[in-house]
*Asks:* 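Structure provided below as C-alpha cells; questions to follow.
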Amino acid sequence: MLGIHLTEEQRHEILEGFYDLEKAFAFLQKQASHPELTLATTGTTSSGKSTLANFLIGESILPSAVQEMSAGLVKITHSDKRRLTIPQTQGATWETGTWENLSASDVRDRLEATMNAFRVEEEKNKNIEPVLFDVEWPIRLAERKKELGLPEGTQFTILDLPGLKAVNDERNGPVIRANIAKAFCLVAYNAEETDKVKQKTLLN
Ligand SMILES: Nc1nc2c(ncn2[C@@H]2O[C@H](COP(=O)(O)OP(=O)(O)OP(=O)(O)O)[C@@H](O)[C@H]2O)c(=O)[nH]1
Ligand SMILES: [Mg+2]
C-alpha cells in the first residue's frame, strides 16, 4: 500500500535503509557472539608501555629500551599461531612479508630492526607512512577469560602504541589518536619524570 504513492527514488531510499538495518543487525549479532576486547598501551615516551604489553602477553615479543624504542603500530591478536606480518607500506625499505612459527626473540629482533630502519627513513622523509606490525600470538591474559568474566568467544587484541612526546607530536600523535578511540587504554607514565607539568599536559 505504501508503495503506491512512492517515487522510484523514494523506494530506492527505503530499500537502502533496510539494507543498512540488515548490515547493522548482522554486525550486532556477530558482536554478541564474538565480542572484541582491544587493550591499548599508551602514554608518554619510555614509560613502560611495551614492558606492560609483554607482561599481559606473557612473553617478551615487544622490544623495550631505555631510550625511545617503539615506532608505528604493533597489533597483537590472540591466536594459537605464532605469526608476524609486516605489510608493505608506502616508503618501506625494510623486509616485508609473513613469518610463521617464530620464537619470542625472533619477533622481538625483527620488530626492533624494522623500527630502527623506519626511524632512519623517517629522518629523510617526514611523510613516510607509519610502519605496521601484525602479530598473531597466544596472549596469556586471553587464556583467562573466565576469571575476567569475558564470554568464551571474545576476540582479544593488544595494541602497543608509540609514546607521546609532546602535545603537538606530529609523528606518533596521529597513530595514537587513530587507535585509542577503539580501545580500552592502559595509560603508562614515568613516575620519575621531573617535569610534572609536561607529564600532566601530555596525559591530559
Ligand atoms: N623502574 C622501572 N623501569 C621500568 C618499568 N617498566 C619499564 N621499565 C623500563 O623502562 C624503559 C622503557 O620501557 P619500554 O617498555 O620500552 O617503554 P615504552 O613506553 O614502550 O617506550 P617507547 O615505546 O619507546 O615510548 C626500559 O628500560 C624498561 O626496562 C617499571 O615499572 N619500573
Ligand atoms: Mg614501546
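Every number for a ligand or one of its atoms is a count from 1 in the order of the listing. By convention here, the first residue in the shown sequence is residue 1.
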*Asks:* Give the atom numbers and elements of ligand 1 that come within less than 4.0 Å of a heavy atom of Ser47.
*Replies:*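 Those atoms are 17 (O), 18 (P), 19 (O).
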*Asks:* CD of Gln155 to CG of Leu150: how many Å apart, nearest 0.5 Å?
*Replies:*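 Reported value, rounded in 0.5 Å steps: 12.0 Å.
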*Asks:* Within the structure, does Gln67 bring an N/O atom to less than 3.5 angstrom of an N/O atom in ligand 1?
*Replies:* no
*Asks:* State whether the shortest distance between N or O atoms of Asp160 and N or O atoms of ligand 1 falls below 3.5 angstrom.
*Replies:* no
*Asks:* Pro162 versus ligand 1: do any nitrogen or oxygen atoms come within less than 3.5 Å of each other?
*Replies:*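 By distance alone, the answer is no.
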*Asks:* Under 2.8 Å from the Mg ion (ligand 2) - does any N, O or S atom of Ser50 fall there?
*Replies:* yes
*Asks:* Quick check: does Pro63 get an N/O under 3.5 Å from an N/O on ligand 1?
*Replies:*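 Checking ligand 1 against Pro63, no N or O pair falls under 3.5 Å apart.
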*Asks:* Would you mind running through ligand 1 and noting each atom that sits below 4.0 Å from a heavy atom of Glu68?
*Replies:* 24 (O)
*Asks:* Within the structure, does at least one protein heavy atom fall under 4.0 Å of atom 9 (C) of ligand 1?
*Replies:* no
*Asks:* Find the distance between CZ (Phe133) and CD1 (Ile76) and round it off to the nearest 0.5 Å.
*Replies:*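 Between Phe133 CZ and Ile76 CD1, I get 11.0 Å after rounding to 0.5 Å.
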*Asks:* Could you check which of Thr42, Thr51, Asn54, Thr41 puts a non-hydrogen atom nearest to atom 6 (N) of ligand 1?
*Replies:* Thr51
*Asks:* For atom 17 (O) of ligand 1, what is the closest protein heavy atom, and at what distance to 0.1 Å?
*Replies:*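 Checking every protein heavy atom, the shortest distance to atom 17 (O) of ligand 1 gives Gly48 N, 3.0 Å.
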*Asks:* Taking N, O or S atoms only and a limit of 2.8 Å, check whether Ser70 reaches the Mg ion (ligand 2).
*Replies:*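 True for Ser70.
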*Asks:* Does ligand 1 have any atom sitting under 4.0 Å from a heavy atom of Ala65?
*Replies:*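 Checking ligand 1 against Ala65, which is what was asked, there is a heavy-atom contact under 4.0 Å.
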*Asks:* Which distance, rounded to the nearest 0.5 Å, do you find between the CE of Met115 and the CD of Glu122?
*Replies:*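 Going from the CE atom of Met115 to the CD atom of Glu122 covers 12.0 Å.
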*Asks:* Going through the checks in order, is the salt bridge (charged side-chain N to carboxylate O under 4.0 Å, His left out) test met by Lys124 and Glu121?
*Replies:* CA-CA 5 Å; Lys124 298 183 233 162; Glu121 288 311 308; 3.1 Å; yes
*Asks:* Should we say atom CD of Glu9 is surrounded by more than 12 heavy atoms from elsewhere, each under 6.0 Å from it?
*Replies:*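 Open: at most 12 neighbouring heavy atoms sit under 6.0 Å from CD of Glu9.
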*Asks:* Would you check whether Lys49 has a nitrogen or oxygen atom less than 3.5 angstrom from a nitrogen or oxygen atom of ligand 1?
*Replies:*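 Yes, since at least one N or O of Lys49 sits under 3.5 Å from an N or O of ligand 1.
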*Asks:* Counting N and O atoms only, with roles assigned by atom type, does the side chain of Lys126 sit under 3.5 Å from a partner on the main chain of Arg171, one being a donor and the other an acceptor?
*Replies:* no
*Asks:* Main chain of Ala71, side chain of Asn172: is a donor-acceptor contact present, judged purely on distance under 3.5 Å?
*Replies:* no
*Asks:* Counting from 1, what ligand 1 atoms have a heavy atom of Gly163 closer than 4.0 Å?
*Replies:*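 Every atom of ligand 1 under 4.0 Å from some heavy atom of Gly163: 25 (O).
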*Asks:* For ligand 1, which atoms have a heavy atom of Val66 less than 4.0 angstrom away?
*Replies:* 27 (O)
*Asks:* Got a protein heavy atom sitting under 4.0 Å from atom 13 (O) of ligand 1?
*Replies:*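 For atom 13 (O) of ligand 1 the answer is yes, since some protein heavy atom falls inside 4.0 Å.
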*Asks:* Go through ligand 1 atom by atom and flag the ones less than 4.0 Å from a non-hydrogen atom of Ser50.
*Replies:*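 Reading through ligand 1 atom by atom, the close ones are 15 (O), 18 (P), 20 (O).
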*Asks:* Suppose I only count heavy atoms of Ser70 and a 4.0 Å limit; which atoms of ligand 1 are within that range?
*Replies:* 22 (P), 23 (O), 24 (O)
*Asks:* For the pair Glu193 (side chain) and Asn190 (backbone), establish whether a donor and an acceptor sit closer than 3.5 Å, ignoring hydrogens and angles.
*Replies:*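 Checking the backbone N and O of Asn190 against the side chain of Glu193, no donor-acceptor pair under 3.5 Å is found.
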*Asks:* Donor-acceptor check, side chain of Ser46 to backbone of Val66, threshold 3.5 angstrom: yes or no?
*Replies:* yes
*Asks:* What residue among Leu62, Asp160, Val187 forms side-chain contact (heavy atoms from CB on, under 4.5 Å) with Thr41?
*Replies:*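 With Thr41 as partner, side-chain contact (heavy atoms from CB on, under 4.5 Å) holds for just one option, Asp160.
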*Asks:* Would a distance-only check, ignoring hydrogens and angles, find a side-chain to backbone donor-acceptor pair under 3.5 Å from Thr89 to Ala92?
*Replies:* no
*Asks:* Which residue holds the protein heavy atom closest to atom 24 (O) of ligand 1, what is that atom called, and what is the gap in Å?
*Replies:*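 Among all protein heavy atoms, the one nearest atom 24 (O) of ligand 1 is Met69 N, 2.5 Å.
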*Asks:* Is atom 30 (C) of ligand 1 less than 4.0 angstrom from some protein heavy atom?
*Replies:*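 Under 4.0 Å from atom 30 (C) of ligand 1, zero protein heavy atoms found.
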*Asks:* Say you draw a straight line from CZ of Phe118 to CD of Glu123; how long is it, rounded to the nearest 0.5 Å?
*Replies:* 10.5 Å
*Asks:* Do protein heavy atoms approach atom 1 (N) of ligand 1 to less than 4.0 Å?
*Replies:* no
*Asks:* Mark up the atoms of ligand 1 that fall under 4.0 Å of a heavy atom belonging to Thr45, in ascending order.
*Replies:* 25 (O)
*Asks:* With rounding to the nearest 0.5 angstrom, report the CG to CG distance, Leu39 to Leu141.
*Replies:*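 CG of Leu141 is found 6.5 Å from CG of Leu39.
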*Asks:* Within the protein, is there a heavy atom lying under 4.0 Å from atom 22 (P) of ligand 1?
*Replies:*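 There is a protein heavy atom less than 4.0 Å from atom 22 (P) of ligand 1.
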*Asks:* In a check of side-chain contact (heavy atoms from CB on, under 4.5 Å) between Leu164 and each of Ile176, Thr45, Thr42, which one passes?
*Replies:* Ile176
